[in-house]
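Below you'll find the structure, written out as structure tokens, and then a few comments.
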Amino acid sequence: MLNRTDLRGKVPSAAELRATLPRAEIDVDAALHQVRPVVEAVRDRGVEAVLEYTEKFDRVRPSSVRVPADALAKALEELAPEVRAALEESIARARKVHADQRREDVTTQVTEGGTVTERWVPVERVGLYAPGGLAVYPSSVVMNVVPAQEAGVGSLVLCTPPQAEFGGSPHPTTLAAAALLGVDQVWAVGGAQAVALLAYGGTDTDGGELVPVDLVTGPGNIYLTAAKRMLRGLIGIDSEAGPTEIAILADETADAGHVAADLISQAEHDTLAASVLVTTSPELADAVDAELAARVKATKHSERVTTALQGKQSGTVLVSTVDDGLRVVDAYAAEHLEIQTANAREVAARVRNAGAVFVGPYAPVSLGDYCAGSNHVLPTGGFARHSSGLSVQSFLRGIHVIDYSEQALREVSGKVVALANAEDLPAHGEAVTARFEGEK
């Protein structure tokens with residue numbers, strides 16, 4: 001069922017692998033042409049433009065952008081007990097992991113009388129985005145809010161699309177997740193117009209102020225990603241997230257049923273989702289294809305899954321050895337990477353490029369999506385070669401505080417002057433020597 005690439009005995013260079021491996025083609029630049037008018041309209045006309053685009057794209061026009069407090073309370077009150085319990089467990093585990101990511105201020109004594117302190121300061125106000133298209137994502141609320149709260153961000157606003165089914169309010173499960181986390185600012189707006197409103201702020205239909213943010217995090221579709229790219233600089237962004245990905249490095253010890261189920265679980269997200277198997281075993285590849293043939297028919301979103309699995313972004317890559325497989329998955333740099341091999345823990349320790357690594361048969365990506373304690377907002381499209389997933393660090397800024405005494409500056413002043421002159425910036429040196437003018 002999956003397309004195959006045979007690299008046995010001929011593992012290409014890293015550059016060749018980037019050109020050869022399955023990957024979705026996402027042209028954010030092309031989407032910018034469609035997004036620019038939306039962003040500019042929101043900049044110029046504020047909430048009126050937001051509501052016009054919401055009506056056009058979401059087929060509903062909320063009476064206001066900000067969701068009333070009583071709607072949040074009602075959503076939490078009516079949340080199914082088993083879903084509330086699951087969300088509470090997800091939150092508790094995420095808090096446990098993210099609390100350990102907190103940074104401490106560090107002061108270094110560079111010389112007698114001279115110190116540099118690195119202070120870690122949270123971003124003041126953050127906009128968090130939870131998608132609401134093909135699925136409902138209360139888990140994304142958890143994954144965005146928890147690290148921001150653990151970082152000490154003082155002001156949070158959640159944006160999530162309104163739903164015609166719920167009279168212009170966002171999905172109640174998403175609202176309930178926000179309420180459970182203590183987030184009381186929720187805006188019923190999605191897509192590019194959400195990013196624009198977060199960046200520029202505005203005035204709601206009831207006259208209430210919609211305060212702009214400093215940073216926007218959270219995944220979304222290509223139009224939201226294009227808006228993030230366009231507005232980066234006015235706001236900070238976490239990443240330009242593309243369609244979700246799973247890569248599985250497996251050998252003959254892997255269970256074909258487990259592998260197939262995990263490939264399907266990611267294909268369920270989107271027709272552009274990528275499901276890639278890298279294996280040393282042609283027999284496993286055949287068995288996985290057989291399992292897929294049976295399991296895809298039985299899954300709820302079989303049409304969406306089939307499209308994703310048969311797309312150019314998905315496939316099986318055959319390799320000669322696990323070492324070769326590691327070279328392949330490092331070149332691919334998957335958002336999610338499962339290791340289903342003998343000695344999986346040792347193999348996983350050698351991975352260099354992945355958003356998150358899932359070790360062995362009992363750590364499926366679904367666990368990380370909800371209840372592992374890890375964060376599921378991760379780099380896609382090969383960005384894991386240079387970027388990390390969302391964490392407490394995403395919401396902190398390091399500020400260097402330089403504190404030198406007169407004597408400490410005097411001792412190094414000659415070096416400062418020498419470097420300033422070497423760069424032909426003599427006024428830099430003079431800014432130091434001016435402090436000691438008149439001395440013999």
Side-chain angles (χ1 to χ4, degrees), residues 14 95-127 144 146-156 199 211-217 228-229 231-240 330 333 349-356 374-375 377-379 382-440:
R95 285 206 189 283
K96 188 172 185 178
V97 171
H98 290 82
D100 281 345
Q101 297 173 357
R102 292 176 184 154
R103 304 294 293 265
E104 300 291 334
D105 293 357
V106 176
T107 298
T108 302
Q109 183 163 336
V110 181
T111 188
E112 184 68 29
T115 64
V116 175
T117 298
E118 185 166 40
R119 291 176 50 214
W120 291 101
V121 181
V123 174
E124 187 171 343
R125 180 165 166 81
V126 175
N144 279 273
V146 168
Q149 289 178 333
E150 294 300 318
V153 174
S155 179
L156 299 174
V211 181
V213 305
D214 305 303
L215 173 71
V216 173
T217 70
K228 277 182 165 183
R229 178 179 290 185
L231 290 164
R232 184 173 191 169
L234 177 61
I235 52 170
I237 66 171
D238 53 345
S239 65
E240 294 185 8
D330 272 340
R350 296 167 59 197
V351 172
R352 297 297 302 274
N353 299 331
S374 57
N375 203 292
V377 182
L378 300 167
F383 282 29
R385 288 183 288 107
H386 52 73
S387 301
S388 305
L390 204 64
S391 70
V392 167
Q393 181 63 32
S394 305
F395 300 94
L396 295 174
R397 297 160 294 134
I399 300 176
H400 278 179
V401 180
I402 297 90
D403 187 345
Y404 267 55
S405 67
E406 178 183 347
Q407 183 57 32
L409 176 61
R410 188 192 314 275
E411 288 175 354
V412 79
S413 61
K415 305 294 192 304
V416 174
V417 169
L419 289 171
N421 289 338
E423 295 187 349
D424 193 25
L425 298 170
H428 280 60
E430 290 160 8
V432 171
T433 58
R435 284 161 168 76
F436 305 112
E437 287 176 354
E439 295 184 359
K440 292 183 179 179

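What you see is a predicted model, and the numbers here were worked out from it, not measured in a lab.
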Q. With a 4.5 Å heavy-atom cut-off, do T433 and V417 have their side chains touching?
A. yes
(Q) Nearest 0.5 Å, please: how far is CD in E411 from CD in E406? (A) 11.0 Å
Q.
If I compare all heavy atoms of V97 with all of S374, which pair ends up nearest, and what's the gap?
A. CG2-N, 4.4 Å
(Q) So does V351 get a backbone contact from the side chain of D330, meaning a donor-acceptor N/O pair under 3.5 Å? (A) no
Q) Roughly how far apart are H428 NE2 and E423 CD, rounded to 0.5 Å? A) 7.5 Å
Q.
Nearest 0.5 angstrom please: I237 CD1 to L234 CG, how far?
A. 12.0 Å
**Q.** Closest heavy-atom pair and its distance - E118, G398
**A.** OE2-CA, 4.2 Å
Q. In Å and rounded to the nearest 0.5 Å, what is the CG to OG1 distance from L156 to T217?
A. 9.0 Å
(Q) If we ignore hydrogens and angles and just use 3.5 Å, is the side chain of N421 paired with the main-chain N or O of P426 as donor and acceptor? (A) no
Q.
Using only atom types and a distance under 3.5 Å, with no angle test, would you say the side chain of E150 pairs donor to acceptor with the backbone of H98?
A. no
**Q.** Neighbour count above 12 (heavy atom, 6.0 Å) for Q407 CD
**A.** yes
Q: State, yes or no, whether a side-chain contact exists between N144 and L390 at a heavy-atom distance under 4.5 Å.
A: yes
Q. Is the number of heavy atoms from other residues, nucleotides or ligands within 6.0 Å of CD (Q109) greater than 12?
A. yes
**Q.** Chi angles and distances behind the side-chain contact (heavy atoms from CB on, under 4.5 Å) call for T111, Y404
**A.** CA-CA 9 Å; T111 188; Y404 267 55; 4.1 Å; yes
Q: Indicate the atoms forming the closest heavy-atom contact of A408 with G114, along with that distance.
A: CB-N, 4.1 Å
Q: Determine yes or no for a side-chain-to-main-chain donor-acceptor pair under 3.5 angstrom, with R103 supplying the side chain and Q393 the backbone.
A: no
Q. Can you check whether S155 reaches V211 side chain to side chain, under 4.5 Å on heavy atoms?
A. no
Q) Got V123 and R397 here, is their nearest side-chain heavy-atom distance under 4.5 Å? A) yes
Q) Considering all heavy atoms of both residues, which atom of A151 and which atom of P122 are nearest to each other, and what is their separation? A) O-CB, 3.4 Å
Q | Closest approach of R410 to F436 (non-hydrogen atoms, all atoms of both residues) | A | NH1-CD2, 3.4 Å
(Q) To the closest 0.5 Å, what do you measure between CD (E240) and CZ (F383)? (A) 5.5 Å
Q. In Å, rounded to the nearest 0.5 Å, how long is the span from CZ of R125 to CG of L215?
A. 12.0 Å
Q | Contact check, side chains of V213 and V126, non-hydrogen atoms, under 4.5 Å | A | no
(Q) Does this structure show an ion pair linking D238 with K228, if we count only N-O contacts that are shorter than 4.0 Å? (A) yes
Q: Write down the atom of A199, the atom of P212, and the distance for their closest heavy-atom approach.
A: O-CB, 3.5 Å
Q: Give the intermediate values and the outcome of side-chain contact (heavy atoms from CB on, under 4.5 Å) for residues R95 and Q149.
A: CA-CA 9 Å; R95 285 206 189 283; Q149 289 178 333; 2.5 Å; yes
